[in-house]
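Chain letters run A, B, ... following the sequence lines, proteins first and then strands; every chain starts at 1.
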Protein chains: 4
Amino acid sequence: MPKVGMEPIRREALIKATIAEIGETGSLDVTVSKIAKRAGMSSALAHHYFGSKERIFLAAMRHILTVYGRWVRCELGTAKGPRARLDAIIRASFEAGNFEHEVIAAWLNFYVHAQSDAGAARLLGVYHARLRSNLVHDLRPLVGDRAGETAETIAALIDGLYIRHALVAPPDGVAAHARVTRVLDKLLEDT
Amino acid sequence: MPKVGMEPIRREALIKATIAEIGETGSLDVTVSKIAKRAGMSSALAHHYFGSKERIFLAAMRHILTVYGRWVRCELGTAKGPRARLDAIIRASFEAGNFEHEVIAAWLNFYVHAQSDAGAARLLGVYHARLRSNLVHDLRPLVGDRAGETAETIAALIDGLYIRHALVAPPDGVAAHARVTRVLDKLLEDT
Amino acid sequence: MPKVGMEPIRREALIKATIAEIGETGSLDVTVSKIAKRAGMSSALAHHYFGSKERIFLAAMRHILTVYGRWVRCELGTAKGPRARLDAIIRASFEAGNFEHEVIAAWLNFYVHAQSDAGAARLLGVYHARLRSNLVHDLRPLVGDRAGETAETIAALIDGLYIRHALVAPPDGVAAHARVTRVLDKLLEDT
Amino acid sequence: MPKVGMEPIRREALIKATIAEIGETGSLDVTVSKIAKRAGMSSALAHHYFGSKERIFLAAMRHILTVYGRWVRCELGTAKGPRARLDAIIRASFEAGNFEHEVIAAWLNFYVHAQSDAGAARLLGVYHARLRSNLVHDLRPLVGDRAGETAETIAALIDGLYIRHALVAPPDGVAAHARVTRVLDKLLEDT
DNA sequence: AATGAATGAGGATTCATTCAT
DNA sequence: GATGAATGAATCCTCATTCAT
């Protein structure tokens, strides 16, 4: 029973299914058929809406970034003052949802994809730039000129801890957050 | 004219070809045929020596870790005292060879692979444990009990910087090294 | 707002779009969707009007024959006497419109189609019979009993020249016409 | 039981199967799978040897031209003098094998293919040029300067009659040959 | 009248893997 | 030791066609 206005519903279902499927297999070796089946439709329809497997992946990545961005804004909403805001940004990065198996898988594959796919590379660049600019914005009042440099250090530390917790250590957002905070405090001391 | 004692030569050629091929395509979507052709032999022979594609990949990863380990030992060889040794470990991580396109690709794909392949996961665990234990060994004399905690921070920072330099920022081993050193110095101050 | 009396308009649009599309791709590998899009409607509507892809093709071929027939009648309209009428028939075959890229493509595909599609075969038979009977009608007064035989020769020459000019030589209706005329004159000499 | 030196055998089998398959369906809508099955192998092997469907088709066309060329040379072998040689060339064009259903189908599809495929167009050009040059060679002694023009007429007549006999009239190589001869004689009379 | 939604049935192509030689 | 031969099982993608609205 075909309905009207299905497009957004189908697209969303496909994006969710893509992330779930990547999470389950742990790789990008995911077939459009499986994604479509999980989303409750034929693979032909998936192609109809997205045009290609590539585009389905890109949409899924964009979705993950959107969710992440939403979390950052959410955490920032209640934070008062630069130090609290920095804390909020860090907290958003280690929010429990980020350690869902499927989200981890999507991020890692995102990294790999960025090597060969221009669209993915661009998206990843957007994420990096955004994190950096968020950090710089609140570091400036605290460390002045050293804001850029400090932001890069913190950003790298966040990424590194994320990967370690995601892949090897047990995921522990609180511990990760504490560790970044500690370094941040040290770096702020100087001034 | 089949030769005797070709096995190690063939295996090495295949491993090198695998890494080169992964580097070129930027993903694990690499065919055994292409690897074999690059290594100057038939794909059947590649299977003969390694048994399966999985195993070829694993061997390639092991090779990368071996090379990395060799570098660490090399840098450590001339270092005197804990602080100098820590420096050596850090320097080894950002050694120019690690930023070769193909090595980056291999590492990232290594991460992805670790999610679904037990062998790869184990190998990655070995790398992490070794880096940690190396760091701890030389941090203990400097920070005592806080050695473990500090090692994890430094290790994460190394990984995070590596990924950022590998993927987004221009690869700059010297800058990365300086950044880690700076944080390390801060963390050592306390004592 | 669906309109009434759209049927003939839609059908004509589809037929024109079909010919254009065949001309553009140079083959019968033309999708109903593309045809429909070119004709400004959905593929579902195309099916509604024609029932199947086959039938759309047949209609397009019929259209081409109709146009050709119209040209023949048009040229014949002003011709006086058998010799002039023969000339008119020949001229109609090499009329510029016949060398439009899309018409050439349609004709050739028509030939191919006739091998496997009964409807197309019948249509092609009609064309051949009509051309022959037109020629015979005006040859009879000139060559009597040899009219049939002569007609076949002229008809074949027309087809052969058409294909050659359409495919390999540059399309040159005037030259083709002259060549046929020349042969015709020779064949008429005898009497 | 795989053997060595299968390549030429497989290629030939595939070419024959392609022609047969085109003949059976009467169109180029022939699947590689069907061709391969008819040739007694998997479709994967067909791709292994030819690389693509396109290339299989081209090889089949080339084969048809080769066979045709062989016939021409064969007929020319016993012909003495220009007139007899012209006769031989004409006879080769209407040789019974050319009216095999599958050969007809291949030729017609060849024509269609030439519109969109550069390789096919080139091959067709070769055929046309060869026929023309063969004719010119033997017409020169008979009609001098008019050799080119006469050759084109005869060539077109051959093609036209071939198509008509192949598609509509019953295939009758003898009648076709007689008809061309007749026109040829007429055209030679002048001199 | 008109269409977006939906799909089943392929179709070309790729590839890891096996096997006889 | 080494390889060409061979394939089954996918995989992405396309398309004619149907249907509810």
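Of the residues in residues 49-57 of chain B, B:S52, B:K53 come within less than 4.0 Å of DNA chain E through at least one heavy atom, sorted by number. Scanning residues 20-34 of chain D for heavy-atom distances under 4.0 Å to DNA chain E yields D:V30, D:T31, D:V32. Within a heavy-atom distance below 4.0 Å of DNA chain E, no residue of residues 108-117 of chain C is found.
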*Chi angles and distances behind the side-chain contact (heavy atoms from CB on, under 4.5 Å) call for D:L28, C:L28*: CA-CA 9 Å; D:L28 287 181; C:L28 288 181; over 6 Å; no

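Applying the 4.0 Å criterion to OP1 and OP2 of F:dG1, one finds that B:H48 has a side-chain N or O inside that range.
For residues 26-53 of chain D, no pair satisfies ring-ring contact (aromatic ring centres under 6.0 Å, His included), with sequence neighbours left out.
The salt bridge (Lys or Arg N to Asp or Glu O under 4.0 Å) check on B:E54 picks up nothing, with sequence neighbours excluded. Residues passing the salt bridge (Lys or Arg N to Asp or Glu O under 4.0 Å) test with D:K37: none are found, sequence neighbours excluded. The side chain to side chain contact (heavy atoms under 4.5 Å, CB included) check on B:Q115 picks up A:I104, A:A105, A:L108, A:N109, A:L167, B:V112, with sequence neighbours excluded. A search for side chain to side chain contact (heavy atoms under 4.5 Å, CB included) contacts involving C:A36 returns C:M41, C:S43, C:A46, not counting sequence neighbours. For C:E24, the salt bridge (Lys or Arg N to Asp or Glu O under 4.0 Å) partners are C:R38, not counting sequence neighbours. Residues meeting the salt bridge (Lys or Arg N to Asp or Glu O under 4.0 Å) test with A:K16, sequence neighbours left out: A:E12. Qualifying side-chain hydrogen bond (donor to acceptor under 3.5 Å, both in side chains) partners for C:Y111, counting only residues two or more places apart in sequence or in other chains: none.
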*In dot-bracket, 5' to 3', how would DNA chain F read with Watson-Crick or G-U wobble pairs under 3.5 Å, [ ] for crossing ones and | for pairs to another strand?*
.||||||||||||||||||||

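Set against E:dT17, F:dG4, E:dA1, the side chain of B:H47 has E:dT17 as its closest nucleotide.
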